[in-house]
Amino acid sequence: MTELERPSDAAAPPRRWIAHLDMDAFYASVELLRYPELKGQPVVIGGRRMHAPRTLEDGSRQYARLRDYTGRGVVTTSTYAARALGVYSAMGLMKAGLLAPDAILLPTDFDSYRHYSRLFKAAVAEIAPVIEDRGIDEIYIDLSAVPGVHEPVGHDPLGGVRAVAREIKNSVSRATGLSCSIGITPNKLLSKIASDLDKPDGLTVLTEEDIPTRIWPLPVRRINGIGPKAAAKLETLGIQTIAELAAAAPAMLIERFGRSYGAWLHEAAHGRDERPVVTHSEPVSISRETTFERDLHARHDRELLGRIFTELCEQLAADLQRKGYLGRTVGIKLRFEGFRTVTRDQTLALPIQDAAAIRQAAGQCLKRVDLSQRLRLLGVRMASLSRPGEAPPPPARIARPAQARLENLSLF
DNA sequence: TCTGGGGTCCTAGGACCC
DNA sequence: TCTGGGGTCCTAGGACCC
């Protein structure tokens, strides 16, 4: 008889066990499966094409080195050996090249990562099917209904949870040859933090009682949702650790960060989070964007920009059609030299899907931007998505056409 | 040697409607 | 010649995440 079935426990709410599973250095680890001789070496994944390994006549492979890279790429992932040299995700490859010139550079191969992503998720689903996708290399899993998870093992009241976690890790390893780290706690917020406490190949189970000793000493930045801006602002208030955030007066946090975010900061610091594991969600928007090798000028590089713009619209249209969506809101994104970013969008009366119509609407948006500065990025986005054959959108009040800039009329 | 590409959610002002 | 209140949609920007 499980504890849940005992009449005396009928009033007690069943304990939630939520896991966060994070694949260890995922892209890099997939590459090591293909190039095992690189194990233990500093390896960096990133950039665009051009630097794939070449196999020589004697069968040995020749790899690109970080020092040879020129361009605007960033580090997507690095092996633990590369991280030891200070090379982390999102760092510019040129900058990384200064820190680790001899590190091996491999191009990203998303098809391969997606393949292993499907494999590991399927392996988890065989044991625990309530899974929330959080991207290519991580998931949340609701273990609450997994058989045996609430059972103690020997003198360990958490033995059942640990056993299920080990089963999941073994299953992932068998299916992919890759390791992962798992955090298990009563909610998503804590599990996300916990999965990071013992990387790589980690397993951390925490209950509410562990919050003061295991969570509070950590920097606030470890909370998913506190980014660089919020952390910097908290620091000016003398708050660096989660303990200090937990001790801060909620009224003060609300005054400084607003009603919603301030209240959430307080709850998060106390480890409170009731969000469910969401097994299905529909996309809100679909987009395509590209950063140019060199900054382009709307007038000077008009033809090239026009071709890139058309191509982005075609790729976006293909994505929409492949995924089975139409959209009513077409938007553009521009990033200028100096990194200033601007967006414009326009909501149409009826949803569209084809490249020409997207190009037409996006072109209208483009005319509303001052294009005297050079551009480093151009993007096209579709939102207000619907399925073909779905009931038409509610009677749309279409905003008056936004004002185009006269000086742009001839450009797009 | 700066800073990819794909997303989500929130805020805030103005339009517009009842 | 002065002036409501609430609700929803649209748009732009920004923080944040993987």
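Just so it is clear: chains get the letters A, B, ... in the order the sequence lines come, proteins before strands, and each one is counted from 1. Hydrogens, waters and symmetry mates are skipped; everything else that's a heavy atom, side chains included, is used. Just so you know, these numbers come straight off a predicted model, no measurement behind them.
- Of the side-chain N and O atoms in A:Arg134, none sit less than 4.0 angstrom from OP1 or OP2 of C:dC17.
- A sub-4.0 Å separation between OP1 or OP2 of B:dT1 and a side-chain N or O of A:Arg72 is absent.
- A:Lys229 comes within contact range of the sugar-phosphate backbone alone, with a heavy-atom separation under 4.0 Å but no base atom that close.
- Under a cutoff of 6.0 Å and an axis angle of 45°, A:Arg15 and A:Trp17 form a cation-pi pair.
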Mind listing the side-chain donor-acceptor pairs of residues 309-316 of chain A below 3.5 Å, one per line with the distance, residues two or more places apart or on another chain?
residue  : atom : partner  : partner atom : Å
A:Thr310 : OG1  : A:Gly306 : O            : 3.0
A:Thr310 : OG1  : A:Arg359 : NH1          : 2.6

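- Summarising the geometry, the separation between CG on A:Asp137 and P on C:dC18 is reported as 9 Å, rounded to the nearest angstrom.
- Taking atom CZ of A:Phe336 as the reference point, atom C1' of C:dA12 lies 14 Å away to the nearest angstrom.
- Judged by distance alone, the side chains of A:Asp201 and A:Ser181 never bring a donor and an acceptor atom under 3.5 Å apart.
- For an aromatic pair to be called close, the ring centres must be under 6.0 Å apart, and A:Phe110 with A:Tyr27 satisfies this.
- Looking at heavy-atom distances under 4.0 Å, A:Lys233 makes no contact with the nucleic acid at all.
- In this structure, CG of A:Leu93 is placed 12 Å from C1' of B:dC2, rounded to the nearest angstrom.
- Comparing B:dT3, C:dA12, B:dT1 by their nearest atom to the side chain of A:Thr343 picks out C:dA12.
- Heavy atoms of A:Leu312 sit nowhere under 4.0 angstrom from any nucleic acid atom.
- For the pair A:Arg259 and A:Tyr261, the NZ or CZ position fails the cation-pi test of under 6.0 Å to the six-membered ring centre and within 45 degrees of the ring normal.
- Side-chain N/O atoms of A:Ser195 and A:His20 include a donor and acceptor closer than 3.5 Å.
- Using C1' as the reference atom, C:dC16 and B:dT3 are 16 Å apart when rounded to the nearest Å.
- In this structure, CG of A:Asp345 is placed 10 Å from P of C:dG13, rounded to the nearest angstrom.
- Rounded to a whole Å, the CD atom of A:Glu337 is 13 Å from the P atom of B:dC2.
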- Evaluate side chain to side chain donor-acceptor pair (under 3.5 Å) for A:Thr76 paired with A:Thr108, printing each intermediate quantity in order. CA-CA 8 Å; A:Thr76 304; A:Thr108 44; 5.3 Å; no
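- Here B:dC16 sits opposite C:dG7 as a Watson-Crick or G-U wobble pair (both hydrogen-bonding atom distances under 3.5 Å).
- A cation-pi arrangement is absent between A:Arg376 and A:Phe339 under the rule of less than 6.0 angstrom and at most 45 degrees off the ring axis.
- Within 4.0 Å (heavy atoms only), A:Arg340 reaches no atom of the nucleic acid at all.
- Each of A:Met94 and A:Ala90 was matched to the nucleotide of DNA chain B holding its nearest heavy atom; the match closer to the 5' end belongs to A:Met94.
- We find that OH of A:Tyr27 is positioned 11 Å from C1' of B:dG4, with the value rounded to whole Å.
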- Query: Going 5' to 3' along nucleotides 5-11 of chain B, which nucleotides have protein heavy atoms under 4.0 Å from the base (write B), which only from the sugar-phosphate (write S), and which from neither (write -)?
  - Reply: BSSSS-S
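- One interatomic measurement links the two molecules: CG of A:Leu105 to P of B:dG4, which rounds to 15 Å at whole-angstrom precision.
- Residue A:Lys95 contributes atom NZ, which lies 11 Å from atom P of B:dT3 at whole-angstrom precision.
- In this model, the phosphate group of C:dC18 is not approached by any side-chain N or O of A:Arg114 to a distance below 4.0 Å at OP1 or OP2.
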